[in-house]
Amino acid sequence: MGWRGLLFASLALPGTAMAGPQASETGPSYFEGRWTFLDENCKAPTNWTMMSGGNFVSEDLIGNWTWEEGELVLRLDDLAIDEDTGEAGGRFRMDGPVTIVDQDRFVFTIAPDVYQLQRCP
């Protein structure tokens, strides 16, 4: 495989940020709106809605979000009831670095998990 084949292969890798704004250049307004996981569609109730001012809403989650020095920080309350124990969910925090793929897609890493999200229209 020549250099052209290698270049094409590297561009085809999912989640590879090749040409988009760098996370350090991104402001909080980038995240405002509805997002869905890459393997889901925008009609799924698990969409993340991040509103201007920092409110966060999803199917069973509410809370707030902030953009802090290249990291997305979610402080959430889990509203779901555990089917096995009957216990209510609790409060938790998710934070980690973000890789901006393009204007409509980013990768959120909360080690060891990696979440790929895409903007809903």
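Keep in mind that what you see is a predicted model, and the values were worked out from it rather than measured. Counting begins at 1 with the first residue of the sequence.
- Put simply, Phe92 and Leu74 are part of the same group of oily side chains (I, L, V, M, F, W, Y) that touch within less than 4.5 Å, one to the next.
- There is a side-chain donor-acceptor pair under 3.5 Å between Arg105 and Gln116.
- Pairing each heavy atom of Phe106 with each of Ile100, the nearest pair is CB-CD1, 4.1 Å.
- Trp65 has its side chain within reach of Glu32: a pair of non-hydrogen atoms, C-beta onward, lies under 4.5 Å apart.
- By the 4.5 Å heavy-atom criterion applied to side chains, Leu61 and Asp78 are counted as neighbours.
- Looking at Thr99 and Thr109, their side chains never come closer than 4.5 Å, going by heavy atoms from C-beta outward.
- Using a 4.5 Å heavy-atom cutoff, the side chains of Arg93 and Val73 are in contact.
- The environment of Glu69 atom CD is sparse: at most 12 non-hydrogen atoms of other residues, nucleotides or ligands sit within 6.0 angstrom.
- Counting heavy atoms from C-beta on, the side chains of Phe108 and Val114 never come closer than 4.5 Å.
- Other residues sharing a hydrophobic cluster with Val57 under the 4.5 Å side-chain heavy-atom criterion for ILVMFWY residues are Met51.
- The two residues Tyr115 and Ile110 make their nearest non-hydrogen contact at CE1-CD1, 3.7 Å.
- The distance from atom CE of Met50 to atom OH of Tyr30, rounded to the nearest 0.5 Å, is 9.0 Å.
- For the atom pair CG (Asp60) and CG (Leu76), the distance works out to 11.5 Å, reported to the nearest 0.5 Å.
- At a threshold of 4.5 Å between non-hydrogen side-chain atoms, the residues Ile62 and Phe56 do not count as touching.
- Arg34 meets the salt bridge (charged side-chain N to carboxylate O under 4.0 Å, His left out) test with no other residue; sequence neighbours excluded.
- Of all the heavy atoms in Asp82 and Thr85, the pair that sits closest is OD1-N, 2.9 Å.
- Side chains of Arg75 and Thr66 form a contact here, defined as non-hydrogen atoms less than 4.5 Å apart.
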Show which side-chain atoms of residues 35-42 pair as donor or acceptor with protein atoms under 3.5 Å away, not counting sequence neighbours.
from: Trp35; atom 1: NE1; to: Phe31; atom 2: O; distance (Å): 2.8
from: Thr36; atom 1: OG1; to: Asn41; atom 2: O; distance (Å): 3.3
from: Thr36; atom 1: OG1; to: Asn47; atom 2: OD1; distance (Å): 3.1
from: Glu40; atom 1: OE1; to: Thr46; atom 2: OG1; distance (Å): 2.5
from: Asn41; atom 1: OD1; to: Lys43; atom 2: N; distance (Å): 2.7
from: Asn41; atom 1: OD1; to: Ala44; atom 2: N; distance (Å): 3.3

